[in-house]
Number of protein chains: 2
Amino acid sequence: MTRKAVQSSPAIAPSNGATLVSVAKAASVSLATASRVFSNPELVRRDTAERVLRAAGELGFRPNLLGAKLRAQRTRIVGVMLPTLENAVFAECWRGIEEAALAQGYSLMLVTSRYEPERERERIEYLLRHRVDGMVLTVADAARSAVLDQLDAEGVPYVLAYNQAPSRGKRHSVSVDNRVSARAGVETLIAAGHRRIAVVSGAFVASDRARQRHAGYQDAMRAHGLESLPPLSLPAHTPTQTPADVERIRRLIAAPRAPTALFCTNDMLAIGVISILKRLGLSVPGDISVLGYDGIELGGLLEPPLSTVVQPNNEIGARALARLLERLKAGGSGGSPGRGVPRATLLPHVVRAGATVAPPA
Amino acid sequence: MTRKAVQSSPAIAPSNGATLVSVAKAASVSLATASRVFSNPELVRRDTAERVLRAAGELGFRPNLLGAKLRAQRTRIVGVMLPTLENAVFAECWRGIEEAALAQGYSLMLVTSRYEPERERERIEYLLRHRVDGMVLTVADAARSAVLDQLDAEGVPYVLAYNQAPSRGKRHSVSVDNRVSARAGVETLIAAGHRRIAVVSGAFVASDRARQRHAGYQDAMRAHGLESLPPLSLPAHTPTQTPADVERIRRLIAAPRAPTALFCTNDMLAIGVISILKRLGLSVPGDISVLGYDGIELGGLLEPPLSTVVQPNNEIGARALARLLERLKAGGSGGSPGRGVPRATLLPHVVRAGATVAPPA
DNA sequence: CTGAAAGCGCTAACAT
DNA sequence: ATGTTAGCGCTTTCAG
């Protein structure tokens, strides 16, 4: 029975194998009491607690969250799935999430999906294996997402970020109103005098936001008696500048009745498009106006600063996490507390003027 | 044990606490065998394995990594600490890390330090509590880092990314040669005819890379008999455009013998500086040249594309992770000698021409 | 308030 | 090749 002399030292040497048991021993209390000092201090007498704390300090005790999580059947880990961090929108969102989680003592596990539904599945499964308590995620298409259906079926609590859930649906989300805000953005273009406005987007199939924003564009055009132009759909949501991309832009602006303003469904795209336009010899906004969407900080640091529809990215992340924690505390599993509370939170947007939009030539 | 579970209609209630035990039971094998099917399949006969797998599928079994980790005393989780994701350099690096980890079946836990040593400590402690097997990190100052000292003392394996460890030191790192590459960059400025070149940096105290790059600048200047100018040190490493920042740039370029070229210690800074210069009425590179450092993709998407010293960001991340896993597999604990292998890996840099550098007016 | 005891789900000796 | 058996470090009833 004695398994002495395990000759090869095992994996990681935790520097000092101080465990709760050793702390309890050193403080002459039971394991249970030592545990309580860390998780429910109010159940322990002050001096007892202090004794334990002192022992812990002397032994260099570091709680092993694994043990706690396993036993407690709850990890206090939130899984986060974002399309990519290379688009600053999501990096800013992550920041909001991380701050909020830190403040509440929750841990995070981040995965990126690259806008690929296949990869979404795989990464979610990975989070599930880690027994995250819940998730904050941005999916390609919330309306038809295998991943979300699975999560619903399994009763895993989650909150969508950026994806805008139907207002009276069952899903929780934190976003701006993509359609309404896009319409507001396009209307500033119209107000500036533009009549021929085109949308430039990444592949619509990979982003429900892009589609909603396009719908907002159509709303604006229709409301002002203008004709919607066919959108220019580029392959990626992050900008690329392949010859093919350049050629498509060139054709777009060389057409007989070319648009005088472009509405890009995200800022990164807008930045890439502006560069291409400049290389094609056009001046922005002199020859053509460009409006972005997202409000990443970078946009404001450029010259001219990007005109764009601003969403509160940090806050979207922070609020999504906060909402998730509310759910976790309230119902535990997938339950549905919160009677009158709308599940789809819409945060306010702002159209930032910038300087990439001007009246048409 | 008498009769096997009749699972005629699986009624896959997912996430229903199917455990290895229940799977083993359903497949009429022992817990150990069931376990082996997932961790050491080669120790199990094919048909047995298939039976187990089938049972697992029917029960909707999802391994609980917590149990495995706790027992195995090794989590297969790597902690990652980066200053921020809002600087695209680190977002690109993260991508390399995530891909590499995914490929090797390792999990990640990400924290950001914001370049604050205080926060570094705190976030590292957090990772340690999660019993990560090792870490990939970028610290403010590798030479005097309380965090690194602690990690060394505790024997926690880690690999630095971006921080460049001394070539014959004990620390592992993956980076470019900051000083040499910066010198190479500045020499392209000199080759273009510039004599008065100034460095623009974030707070040096918060970044050893910035200091090394500044040293490279001095090397270049000295080697060409030029006088180093005092650096302009801005408060943050991410660009801000406060009136104070603008004023400092204005004074810099309004001086009697103002620099004709600026070397910014990172790309984000360079992008911000270029905008400020433009707003001050200067043209880049017509009136003044700007060279960046990092080679983030964004730089190439701007017009004019940013001239910069390119580091392979994805690869830095991927290699740092790979190096860490080698260490993990080799020694387990912290202090394996590793004979002839240099611990500081230097990846090649490239000076990308871009179009923000031109001969002085 | 504190203690004793029973595991959480899984892996790894050690047997067979 | 498979089974048995001990726990990993912690939380949590249930009793004092």
Side-chain angles (χ1 to χ4, degrees), chain A residues 1-25 27-52 56 59-77 128-131 133, chain B residues 1 15-52 56 59-77 128-131 133:
Chain A
M1 51 160 73
T2 49
R3 45 132 107 243
K4 59 179 186 180
V6 177
Q7 51 172 242
S8 67
S9 139
I12 185 172
S15 77
N16 54 70
T19 71
L20 244 202
V21 172
S22 61
V23 170
K25 206 159 291 176
S28 310
V29 298
S30 73
L31 170 60
T33 298
S35 171
R36 284 189 272 254
V37 169
F38 294 97
S39 34
N40 292 79
E42 68 277 13
L43 297 183
V44 178
R45 231 175 45 215
R46 252 187 99 101
D47 55 321
T48 313
E50 271 161 19
R51 200 145 39 89
V52 171
L59 293 175
F61 170 65
R62 172 151 44 224
N64 183 335
L65 265 24
L66 256 30
K69 292 172 188 324
L70 178 57
R71 170 61 224 228
Q73 293 296 78
R74 122 176 189 288
T75 57
R76 287 182 166 280
I77 296 180
L128 254 15
R129 281 155 132 79
H130 281 284
R131 293 298 190 271
D133 287 346
Chain B
M1 58 168 61
S15 162
N16 57 3
T19 72
L20 245 202
V21 173
S22 61
V23 170
K25 206 158 292 177
S28 311
V29 298
S30 73
L31 170 58
T33 298
S35 171
R36 283 189 274 257
V37 170
F38 294 97
S39 35
N40 291 79
E42 68 277 13
L43 297 183
V44 177
R45 230 177 44 216
R46 252 187 99 100
D47 56 320
T48 314
E50 271 161 19
R51 201 146 36 91
V52 172
L59 293 176
F61 169 65
R62 173 149 45 224
N64 183 335
L65 266 23
L66 256 29
K69 292 171 189 325
L70 177 58
R71 169 61 224 228
Q73 292 298 77
R74 124 178 189 287
T75 56
R76 286 180 166 280
I77 297 180
L128 254 16
R129 279 154 133 80
H130 281 284
R131 293 297 191 273
D133 287 347

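Keep in mind it's a predicted model, so treat the numbers as computed, not measured. Each chain gets a letter, A, B and so on, in the order its sequence line appears, and its residues count up from 1.
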Kindly say whether B:Ala27 contributes a backbone atom to a donor-acceptor pair with the side chain of B:Arg51 at under 3.5 angstrom?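 Yes; at least one donor-acceptor contact below 3.5 Å.
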N/O donor-acceptor pair under 3.5 Å between B:Ser39 side chain and B:Ser35 backbone: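 Confirmed, B:Ser39 side chain pairs with B:Ser35 backbone.
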Nucleotide nearest [X] when distance is taken to its side chain, options [options]:
| X | options | value |
| --- | --- | --- |
| A:Leu70 | C:dA12, D:dT2, C:dG9 | C:dG9 |
| B:Ala72 | D:dT11, C:dA12, D:dG9 | C:dA12 |
| A:Asn64 | D:dG9, C:dC10, C:dT2 | D:dG9 |
| A:Arg71 | D:dA1, D:dT11, C:dA4 | D:dT11 |
| B:Ala32 | D:dG3, D:dT2, C:dT2 | D:dG3 |

Please determine whether a side-chain nitrogen or oxygen atom of [X] lies at a distance below 4.0 Å from atom OP1 or OP2 of [N].
| X | N | result |
| --- | --- | --- |
| A:Thr33 | C:dT2 | no |
| B:Ser30 | D:dG3 | yes |
| B:Ser39 | C:dC10 | no |
| B:Ser35 | C:dC10 | no |

Tell me: [atom1] of [X] to [atom2] of [N], nearest whole Å?
| X | N | atom1 | atom2 | result |
| --- | --- | --- | --- | --- |
| A:Arg46 | C:dT2 | CZ | C1' | 19 Å |
| A:Leu65 | C:dG9 | CG | P | 18 Å |
| B:Lys25 | D:dG3 | NZ | P | 13 Å |
| A:Gln73 | D:dT13 | CD | P | 12 Å |
| A:Phe38 | D:dT12 | CZ | P | 15 Å |
| A:Arg129 | C:dC8 | CZ | P | 21 Å |
| B:Leu31 | D:dT5 | CG | P | 12 Å |
| B:Asn40 | C:dT11 | CG | P | 9 Å |

Residue closer to the 5' end of DNA chain D, B:Glu42 versus A:Ala34 (nearest nucleotide):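 It is B:Glu42 whose nearest nucleotide is closer to the 5' end.
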For A:Arg62 and B:Leu128, run side chain to side chain contact (heavy atoms under 4.5 Å, CB included): C-alpha distance rounded to whole Å, both residues' side-chain angles, the deciding distance at 0.1 Å, then the answer. CA-CA 8 Å; A:Arg62 172 151 44 224; B:Leu128 254 16; 3.4 Å; yes
Is the closest side-chain heavy-atom distance between B:Gln73 and B:Arg131 below 4.5 Å?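 The answer is no; the side chains never approach within 4.5 Å.
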Taking the side chain as every heavy atom from C-beta outward, state whether B:His130 and A:Lys69 have any pair of such atoms under 4.5 Å apart.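 Side-chain contact under 4.5 Å: yes.
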Can you tell me how far OG1 of A:Thr48 sits from CG of A:Leu43, rounded to the nearest 0.5 angstrom?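 Answer rounded to 0.5 Å: 12.0 Å.
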With heavy atoms under 4.0 Å as the rule, sort B:Leu66 into base, sugar-phosphate or nothing.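 Since no nucleic acid heavy atom lies under 4.0 Å of B:Leu66, the category is nothing.
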Contact class for A:Ala68 vs. all strands (heavy atom < 4.0 Å): base, sugar-phosphate, or nothing?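 Sugar-phosphate contact only - A:Ala68 comes under 4.0 Å of backbone atoms but never of a base.
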Check this for me: does the side-chain of B:Arg36 come within 3.5 Å of the base of D:dG3 through a donor and an acceptor?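 Yes.
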